[in-house]
Amino acid sequence: MENSEKSKSNFIRDIIDNDIMEGKNNGRVHTRFPPEPNGHLHIGHAKAILVNYKIAQDYHGKFNLRFDDTNPLKEDEEYVNAIIKDIKWLGCDWEDRLFFASDYFEQMYNYAVQLIKAGKAYVDSQTAEEIKQNRGTVTKPGINSPYRNRSVEENLDLFEKMKNGEYTDGEHVLRGKIDMASANMLMRDPLMYRIRHDHHHRTKGKWCIYPMYDWAHGLEDSLEGITHSLCSLEFQTHRPLYDWFLLELGIHKPQQIEFARLNLNYTVMSKRKLLRLIEENIVFGWDDPRLPTIAGLRRRGFTPESIHSFIDEVGVAKAHSIVDYARLEHSVREHLNKITQRRMVVIDPLKVVIENYPAEKNEVLDAVNNPEDETAGSRKVPFSRELYIEQSDFMEDPPNKYYRLTVGREVRLRYAYFIKCNKVIKDSDGNIVELRCTYDPASKGGKSPDGRKVKSTLHWVDAQKAISAEIRMYEHLFTAPDPESDEGSFTDNINPNSITVQKKCKLEPSLNKAKPGERYQFERKGYFFVDDDSAENNLIFNRTVTLRDNWKRILKQNKRHKNI
RNA sequence: UGGGCCGUCGACAAGCGGUAAGUCACAUGGUUUUGGUCCAUGCAUUCAGGGGUUCGAAUCCUCUCGGCCCAACCA
């Protein structure tokens with residue numbers, strides 16, 4: 001992937017510019033992406049990853065990948081591997097700095113002991129319910145725990161026994177001793193450790209006490225020498241606590257900076273809802289091309305480059321926002337337009353017989369591979385008496401401004417000839433099943449022989465030489481722009497047309513060897529990606545995105561005018 | 001209504017006291033063998049609202065309104 005110019009400026013980069021000017025951290029910049037391995041990554045995570053990664057890159061700093069695996073109940077190695085795969089695909093390189101919070105457990109334990117010795121932490125033996133009750137509310141101060149004034153010796157002894165597994169889950173916790181009356185709920189003696197006799201995906205059964213996020217996260221950042229710890233907005237109230245632990249310990253304190261998460265309309269981003277879509281079989285899995293997961297986008301045919309440019313365009317700020325899905329589509333189209341070879345594919349075939357074309361004749365015509373890229377060259381496409389065109393490219397009774405084929409009208413078959421439709425053949429139900437046309441031999445190559453104009457150019461496929469394939473076309477998963485808004489019933493807004501499968505597509509034969517992972521533009525139809533399940537005799541394409549469609553817009557306008 | 005944060009075009013988002021960038025969307029023209037691409041043009045007399053400071057305010061002060069986050073032994 002080419003490393004394009006520096007990303008747009010934003011408030012975080014302003015802070016960093018300033019830090020560098022002041023010589024903070026000796027001008028060093030070090031960021032990280034700290035996922036919890038308890039789910040799959042989505043486009044929202046891609047923002048977090050890329051914001052961190054690009055800052056490191058642009059400031060000649062470093063970027064770490066660190067799994068924040070402090071809760072054995074939820075985490076699994078399966079997710080670790082999936083996350084690594086996704087970040088690699090995005091093109092972000094952590095070099096040799098792949099870390100796990102669980103690797104720091106010993107160190108964290110020692111820091112906790114240090115805090116206990118300083119009288120800044122204590123073992124609380126209240127029940128979870130008591131702790132909750134005594135925490136107070138946002139308008140009412142909390143009450144000190146009866147165990148708050150245990151001696152350092154007793155705390156040390158208890159904490160060690162906690163570590164040694166002498167207590168059951170929930171019997172004790174370690175808490176920071178801060179201020180139960182703080183207006184900031186998080187400062188009301190935050191929990192640092194809880195007892196959990198559980199199997200951890202890496203440390204196995206070694207530990208039975210596990211650090212809580214607020215205690216662990218700053219330590220992880222500090223230990224790795226992170227300079228700027230970027231996170232999402234909801235951690236703003238955690239910042240004083242992040243700072244408190246590191247200040248009390250007297251160790252390196254990175255600067256936590258919060259920015260808004262990415263939200264996209266017509267989709268959902270929360271782990272819970274994504275999981276529900278999968279569990280209720282509304283989609284096929286984490287890599288369903290309709291999902292905003294990295295795996296889904298990859299399978300849909302998005303390129304890493306297009307995700308980079310999307311994230312960069314959308315920017316970084318502190319205001320909550322919902323970005324138009326159209327911007328993501330714009331980013332892929334922009335990239336795919338440049339890199340993709342064109343092919344002719346008929347998705348909904350309609351047979352065309354060219355009556356004045358000899359039955360036994362075959363021709364091979366030249367077709368340009370990519371008008372945006374001369375070096376892409378050209379290919380050959382076969383032509384003969386019987387062809388397929390798109391059903392939607394013929395109308396018996398066309399509306400205003402319909403430029404395509406109709407009886408008595410002449411159009412161009414791309415790279416081939418001008419044809420004129422003479423007759424429509426229907427089945428007993430009145431469905432159009434075949435068109436009878438004539439061609440102008442002088443228009444070979446699609447060039448107008450005498451300067452006469454045709455209003456449109458159609459794509460087509462030779463009926464004899466065509467190959468078949470399955471094409472899967474996707475639309476928004478939801479019909480409502482903000483399916484997250486009404487909690488609980490978000491599945492009411494599922495788009496029944498989110499996937500359309502067409503199995504009888506006719507493709508030009510050059511697509512015969514299309515391999516999984518390849519991308520093409522099917523002329524006039526969109527950009528398509530060869531699905532992972534595709535094979536030489538069972539071709540499957542996913543539509544990444546349609547082309548911009550001016551005709552659709554005209555139709556919409558017509559409809560609007562009729563309604564008025 | 002305890003604390004923290006946010007409010008600039010339909011959607012994002014620059015702007016940091018000198019008179020509202022850019023992108024997407026939308027609209028209109030042009031080019032075109034993809035109704036694609038490309039090109040051109042239009043699209044906030046106004047920055048949630050009021051008051052104040054100033055020669056000058058989206059930017060500073062102040063009040064009001066609206067939205068989000070915090071009371072998991074989750075991250």
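Within every chain, numbering begins at 1; the chains are lettered A, B, ... in the order of the sequence lines, protein sequences first and strands thereafter.
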Peer 1: So, does the side chain of A/Arg342 form a donor-acceptor pair with the base of B/U34 at under 3.5 Å?
Peer 2: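 Counting by modelled atom types and ignoring angles, a donor-acceptor contact under 3.5 Å is found here.
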
Peer 1: According to the salt bridge (Lys or Arg N to Asp or Glu O under 4.0 Å) rule, which pairs have a member within residues 364-381 of chain A, sequence neighbours left out?
Peer 2: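 Of all non-adjacent pairs touching residues 364-381 of chain A, those that pass salt bridge (Lys or Arg N to Asp or Glu O under 4.0 Å) are A/Asp366-A/Lys380, A/Arg379-A/Glu508.
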
Peer 1: Quickly work out the A/Asp198 CG to B/C73 C1' distance and round it to whole Å.
Peer 2: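 Result: 12 Å.
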
Peer 1: Considering only side-chain heavy atoms of A/Arg327, which listed nucleotide, B/C74, B/G22, B/C6, is closest?
Peer 2: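 For the A/Arg327 side chain, the nearest candidate turns out to be B/G22.
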
Peer 1: Is the ring of A/Tyr213 stacked on the base of B/A75, with centres less than 5.5 Å apart and planes under 30° off?
Peer 2: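 It does not: the ring fails the test against the base of B/A75.
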
Peer 1: Sticking with atom C1', work out how far B/C38 lies from B/U31, rounded to a whole angstrom.
Peer 2: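 That atom pair is separated by 8 Å.
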
Peer 1: Are the aromatic ring centres of A/Tyr242 and A/His238 under 6.0 angstrom apart?
Peer 2: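 No, too far apart.
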
Peer 1: With sequence neighbours left out, write down each residue that passes salt bridge (Lys or Arg N to Asp or Glu O under 4.0 Å) with A/Arg414, or none if nothing qualifies.
Peer 2: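 Expected list: A/Glu523.
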
Peer 1: Considering only atom C1', compute the distance from B/C9 to B/A58 and round it to an integer number of Å.
Peer 2: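 To the nearest whole Å, 14 Å.
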
Peer 1: I need the CG-P distance between A/Asp482 and B/A11, as an integer number of Å.
Peer 2: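 A/Asp482 atom CG is separated from B/A11 atom P by 13 Å.
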
Peer 1: A/Arg66 CZ to B/A75 C1': how many Å, rounded?
Peer 2: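 Between C1' of B/A75 and CZ of A/Arg66: 12 Å.
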
Peer 1: Around atom CD of A/Glu77, are there more than 12 heavy atoms of other residues, nucleotides or ligands at under 6.0 Å?
Peer 2: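 Result for CD/A/Glu77: open.
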
Peer 1: Which nucleotide in the list B/A27, B/A14, B/C74 gets nearest to the side chain of A/Asn71?
Peer 2: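 Nearest to the side-chain atoms of A/Asn71, counting from C-beta on, is B/C74.
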
Peer 1: Just compare B/A27, B/U34, B/A13 and give me whichever is closest to any side-chain atom of A/Ala317.
Peer 2: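 Of all the options, the side chain of A/Ala317 is nearest to B/A13.
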
Peer 1: Students often mix this up, so state it plainly: with edges at 30° and 60°, are the rings of A/Tyr417 and A/Tyr439 parallel, tilted or perpendicular?
Peer 2: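 The rings of A/Tyr417 and A/Tyr439 stand perpendicular, inter-plane angle above 60°.
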
Peer 1: So if I take every side-chain heavy atom of A/Asn337 and compare against B/G36, B/A75, B/A71, which nucleotide ends up nearest?
Peer 2: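 It is B/G36.
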
Peer 1: Which protein N or O atoms sit under 3.5 Å from an N or O of nucleotides 64-69 of chain B?
Peer 2:
{"from": "B/C68", "atom 1": "O2'", "to": "A/His320", "atom 2": "NE2", "distance (Å)": "3.0"}

Peer 1: Which nucleotide sits closest to the side chain of A/Arg414: B/U34, B/G35, B/C26?
Peer 2: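 The listed nucleotide nearest to A/Arg414's side chain is B/U34.
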
Peer 1: State whether the distance check finds a donor on one side and an acceptor on the other, under 3.5 Å, for side chain A/Asp324 versus base B/G10.
Peer 2: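 Flag set: donor-acceptor pair detected.
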
Peer 1: Which nucleotide wins on minimum distance to the side chain of A/Gln557, given the candidates B/U34, B/A27, B/G2?
Peer 2: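 The answer is B/A27, which lies nearest to the side chain.
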
Peer 1: Consider the side chain of A/Glu372, meaning its heavy atoms from C-beta on, and name the nucleotide among B/G36, B/G15, B/A13 that approaches it most closely.
Peer 2: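 Nearest to the side chain of A/Glu372 among the choices is B/G36.
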
Peer 1: Is NZ or CZ of A/Arg202 both nearer than 6.0 Å to the six-membered ring centre of A/Phe100 and within 45° of the ring axis?
Peer 2: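 Satisfied, under 6.0 Å and within 45°.
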
Peer 1: Taking syn as within 90° of 0 and anti otherwise, name the glycosidic form of B/A72.
Peer 2: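 Syn.
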
Peer 1: Would you kindly compare A/Arg261 and A/Tyr415 by the position of their nearest RNA chain B nucleotide and give the one closer to the 5′ end?
Peer 2: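 By nearest-heavy-atom nucleotide position, the 5'-most residue is A/Tyr415.
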
Peer 1: A/Lys161: which residues meet the salt bridge (Lys or Arg N to Asp or Glu O under 4.0 Å) condition with it, sequence neighbours left out?
Peer 2: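 With neighbours one apart ignored, the set is A/Asp157.
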
Peer 1: Measuring to OP1 and OP2 of B/G2, would you say a side-chain N or O of A/Arg188 lies under 4.0 angstrom away?
Peer 2: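 For B/G2, neither OP1 nor OP2 has a side-chain N or O of A/Arg188 closer than 4.0 Å.
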
Peer 1: Which residue lies toward the 5' end of RNA chain B, A/Ala183 or A/Phe11, if each is placed at its nearest nucleotide?
Peer 2: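 The residue closer to the strand's 5' end, by nearest nucleotide, is A/Ala183.
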
Peer 1: Taking only residues two or more places apart in sequence, or in another chain, which ones meet A/Tyr109 in a ring-ring contact (aromatic ring centres under 6.0 Å, His included)?
Peer 2: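 A/Tyr109 satisfies ring-ring contact (aromatic ring centres under 6.0 Å, His included) with A/Phe159 once adjacent residues are dropped.
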
Peer 1: Nearest to the side chain of A/Arg524 - B/A13, B/A27, B/U34?
Peer 2: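 Nucleotide nearest to A/Arg524's side chain: B/U34.
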
Peer 1: Can you find a side chain N or O atom of A/Arg194 that sits less than 4.0 Å from OP1 or OP2 on B/C74?
Peer 2: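 Affirmative; the distance criterion is met.
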
Peer 1: Partners of A/Arg261 by salt bridge (Lys or Arg N to Asp or Glu O under 4.0 Å), sequence neighbours excluded?
Peer 2: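 Per chain and number, A/Arg261 pairs via salt bridge (Lys or Arg N to Asp or Glu O under 4.0 Å) with A/Glu234.
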
Peer 1: Of the nucleotides B/U37, B/G10, B/A14, which has the atom closest to the A/Arg548 side chain?
Peer 2: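 Closest nucleotide to the A/Arg548 side chain: B/U37.
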
Peer 1: Any donor-acceptor pair, under 3.5 Å, between the side chain of A/Arg239 and the base of B/G4, if you only look at N and O atoms?
Peer 2: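 When only heavy-atom distances are counted, A/Arg239 does not reach the base of B/G4 through any donor-acceptor pair under 3.5 Å.
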
Peer 1: Using the C1' atoms only, state how far B/A75 lies from B/U19, rounded to an integer number of Å.
Peer 2: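 Their C1' atoms lie roughly 47 Å apart.
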
Peer 1: Choose from B/G2, B/C12, B/G36 the nucleotide whose nearest atom is closest to any side-chain atom of A/Thr139.
Peer 2: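 Per side-chain heavy atoms of A/Thr139, the pick is B/G2.
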
Peer 1: So which nucleotide does B/U41 pair with, by the Watson-Crick or G-U wobble rule with both distances under 3.5 Å?
Peer 2: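 Across all strands, the one nucleotide that pairs with B/U41 is B/A27.
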
